[in-house]
Participant: 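Would you mind keeping the following structure in view while I ask a few things?
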Amino acid sequence: MNLTQNIEIAPSVLAADFARLGDQIAEADEGGADYIHLDVMDGHFVPNLTFGVPIIAAVRGSTEAVFDVHMMVDSPEDYIDELAAAGADIITVHVEAVDQLHQVIKQIKDSGTLAGLALSPATPVTTLQDILPELDLVLIMSVNPGFGGQSFIPNTIGKIEQVRRMLDDNGLTAKLEVDGGIGPDNAEDVVTAGARVLVAGSAVYSSVDGVASAIKAIRDAACRGL
Ligand code: DX5
Ligand code: ZN
């Protein structure tokens with residue numbers, strides 16, 4: 001059995017060179033990325049602005065990789081159908097940004113994409129309880145959303161363990177993703193705790209060894225946690 005198949009690495013283009021975004025995405029894809037993680041920020045839900053639907057549509061042609069779109073915006077429901085049409089494969093919204101959660105998750109699924117739900121560091125995992133069976137992916141933030149290059153918040157490990165238990169105890173197969181401050185030094189720990197999809201921005205795109213080596217280093221470390 002190839003254990004690496006249980007781990008998925010999702011480079012975040014937030015740390016990429018935006019002037020060469022298409023090429024940087026292709027580089028990650030060719031370098032072994034499983035997903036391309038796209039951080040959409042609106043300057044309201046988080047204090048930063050990135051990019052939206054037109055940019056995602058423009059880079060869709062650069063790769064066939066899975067587009068994992070992380071919506072750090074208020075009222076994400078306003079963009080779901082456009083994002084799906086632009087080529088998103090997974091759309092993750094924040095529990096803190098949505099009023100009618102059940103409705104929005106249904107809207108994502110109806111758009112033909114997979115539905116993810118993200119929790120910021122201060123949000124307890126109990127908020128997942130009633131919606132968990134509907135989800136394709138749970139994203140546990142290990143930094144406060146808004147910026148790349150921050151340090152991993154250690155109590156995230158306990159949250160990942162709790163969500164892993166909630167999933168396994170209920171026979172649920174949603175993917176468990178962790179995002180923020182992830183690299184070769186902590187990849188093993190988050191996998192041991194139960195994460196299987198690892199987002200990494202600076203550890204991939206700011207690595208002096210290059211994108212492919214960085215992805216391999218994270219994957220090798222992560223596999224030690226299986
Ligand atoms: C932060 C974003 C992350 C970010 C991770 O709000 O959601 O995806 O790009 O960057 P690193 O890996 O540098 O913490
Ligand atoms: Zn993200």
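Atoms within a ligand are numbered from 1 in the order they appear, just like the ligands themselves. Values below: all heavy atoms of this structure, side chains included; hydrogens, waters and symmetry mates excluded. Since the structure is predicted, the reported quantities are computational estimates derived from the model, not experimental observations.
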Participant: Would you call Ala15 a ligand 1 contact, heavy-atom distance under 4.0 Å?
Facilitator: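 No, Ala15 has no heavy atoms under 4.0 Å from ligand 1.
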Participant: Considering Ser142, Ser12, Gly180, which one's heavy-atom position lies nearest to atom 9 (O) of ligand 1?
Facilitator: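 Ranked by closest heavy atom to atom 9 (O) of ligand 1, first place is Ser12.
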Participant: Among all protein heavy atoms in this structure, tell me which lies nearest to atom 14 (O) of ligand 1, with the distance rounded to 0.1 Å.
Facilitator: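 Ranking protein heavy atoms by distance from atom 14 (O) of ligand 1, first comes Gly181 N, 2.8 Å.
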Participant: Of all N/O/S atoms in His37, which lies nearest to the Zn ion (ligand 2)?
Facilitator: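 Among the N, O or S atoms of His37, the one closest to the Zn ion (ligand 2) is NE2.
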Participant: Could you state the interatomic distance from OG1 (Thr127) to CD (Glu96), rounded to the nearest 0.5 Å?
Facilitator: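 Answer rounded to 0.5 Å: 7.5 Å.
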Participant: Go through ligand 1 atom by atom and flag the ones less than 4.0 Å from a non-hydrogen atom of His37.
Facilitator: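 Within the 4.0 Å cut-off of His37, ligand 1 contributes 8 (O).
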Participant: Hey, does Leu226 have a side-chain heavy atom less than 4.5 Å from the side chain of Arg196?
Facilitator: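 Yes, at least one pair of side-chain atoms sits under 4.5 Å.
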Participant: Hey, which N, O or S atom on Asp179 ends up closest to the Zn ion (ligand 2)?
Facilitator: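 Answer by atom name: OD2.
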Participant: At the 4.0 Å heavy-atom cut-off, does Ala203 count as touching ligand 1?
Facilitator: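 No heavy atom of Ala203 comes that close to ligand 1.
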Participant: Taking it one step at a time, do Met41 and Leu14 satisfy side-chain contact (heavy atoms from CB on, under 4.5 Å)?
Facilitator: CA-CA 10 Å; Met41 303 186 190; Leu14 192 57; 3.6 Å; yes
Participant: Tell me: protein heavy atom nearest atom 6 (O) of ligand 1, and distance?
Facilitator: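 I find the closest protein heavy atom is Gly146 N, 2.8 Å.
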Participant: Walk me through it: do Ile131 and Val95 pass the test side-chain contact (heavy atoms from CB on, under 4.5 Å)?
Facilitator: CA-CA 10 Å; Ile131 195 73; Val95 67; over 6 Å; no
Participant: Decide side-chain contact (heavy atoms from CB on, under 4.5 Å) for Val59 and Phe67; before the verdict, give the C-alpha distance in whole Å, the side-chain angles of both, and the deciding distance to 0.1 Å.
Facilitator: CA-CA 10 Å; Val59 292; Phe67 271 12; 4.0 Å; yes
Participant: Is Gly149 in polar range of ligand 1, meaning some N or O pair under 3.5 Å apart?
Facilitator: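 There is such a contact, yes.
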Participant: Judged on heavy-atom distance to atom 5 (C) of ligand 1, which of Leu14, Asp68, Asp179 sits nearest?
Facilitator: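 Nearest option to atom 5 (C) of ligand 1, by heavy atoms: Asp179.
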Participant: Pick whichever of Ser202, Ser206, Ala16 has a heavy atom sitting closest to atom 13 (O) of ligand 1.
Facilitator: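 The option holding the nearest heavy atom is Ser202.
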Participant: Looking only at protein heavy atoms, which one is nearest to atom 12 (O) of ligand 1, and how far off is it?
Facilitator: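 Among all protein heavy atoms, the one nearest atom 12 (O) of ligand 1 is Gly201 N, 2.8 Å.
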Participant: So is there a nitrogen or oxygen of Gln150 less than 3.5 Å from a nitrogen or oxygen in ligand 1?
Facilitator: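 For ligand 1, there is no N or O atom that lies under 3.5 Å from one belonging to Gln150.
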Participant: Which atom, among the N/O/S set of His70, is closest to the Zn ion (ligand 2)?
Facilitator: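 Going through the N, O and S atoms of His70 one by one, ND1 ends up nearest to the Zn ion (ligand 2).
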Participant: Which atoms from ligand 1 have a heavy atom of Met72 less than 4.0 Å away?
Facilitator: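 Those atoms are 6 (O), 7 (O).
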Participant: Given 3.5 Å as the limit, does a donor-acceptor pair link the side chain of Lys109 with the main chain of Glu134, or not?
Facilitator: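 Such a contact is found between Lys109 side chain and Glu134 backbone.
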Participant: Between Met141 and His70, is there a side-chain heavy-atom distance shorter than 4.5 Å?
Facilitator: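 Side chain of His70 against side chain of Met141, heavy atoms only: contact under 4.5 Å found.
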Participant: With no hydrogens and no angle check, is any side-chain donor or acceptor of Tyr35 less than 3.5 Å from a backbone partner on Ile90?
Facilitator: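 Not at all, since once roles are kept as given, no pair shorter than 3.5 Å links the two residues.
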Participant: Looking only at N, O or S atoms, find the one in Asp39 nearest to the Zn ion (ligand 2) and name it.
Facilitator: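 In Asp39, the heteroatom (N, O or S) nearest the Zn ion (ligand 2) is OD1.
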Participant: Is it true that, when you exclude Asp130 itself, more than 12 heavy atoms of the residues, nucleotides or ligands shown sit nearer than 6.0 Å to its CG?
Facilitator: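 Counting other residues, nucleotides and ligands, CG of Asp130 stays at 12 neighbours or fewer.
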Participant: Any idea how Phe45 and His94 line up, ring-wise: parallel (<30°), tilted (30 to 60°), or perpendicular (>60°)?
Facilitator: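 Rings of Phe45 and His94: tilted, 30 to 60°.
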Participant: Considering only protein heavy atoms, which is closest to atom 10 (O) of ligand 1, and at what distance to one decimal place?
Facilitator: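 Among all protein heavy atoms, the one nearest atom 10 (O) of ligand 1 is Gly148 CA, 3.6 Å.
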Participant: Is it true that a side-chain atom of Lys216 and a backbone atom of Gly31 form a donor plus acceptor pair closer than 3.5 Å?
Facilitator: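 Side chain of Lys216 to backbone of Gly31, a donor-acceptor pair under 3.5 Å: no, none is there.
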Participant: Under 4.0 Å from a heavy atom of Val199: give me the atoms of ligand 1 that qualify, with their elements.
Facilitator: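 By the 4.0 Å cutoff, the relevant atoms are 8 (O).
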Participant: Could you tell me whether Met41 and ligand 1 have an N or O pair separated by under 3.5 Å?
Facilitator: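 N/O-N/O distance under 3.5 Å: no.
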Participant: Please state which protein non-hydrogen atom is closest to atom 1 (C) of ligand 1 and give its distance, to 0.1 Å?
Facilitator: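 Of every protein heavy atom, Phe147 O, 3.5 Å lies nearest to atom 1 (C) of ligand 1.
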Participant: Any side-chain heavy atom of Asp81 sitting closer than 4.5 Å to one from Gln107?
Facilitator: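 In short, these two side chains touch, coming nearer than 4.5 Å.
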Participant: With distance as the sole test, does Ser202 use its side chain to make a donor-acceptor pair with the main-chain N or O of Ala15 at under 3.5 Å?
Facilitator: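 Judged by distance alone, no pair lies under 3.5 Å.
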Participant: Among Ile218, Asp39, Thr50, which residue places a heavy atom closest to atom 2 (C) of ligand 1?
Facilitator: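 Looking at heavy atoms only, the winner is Asp39.
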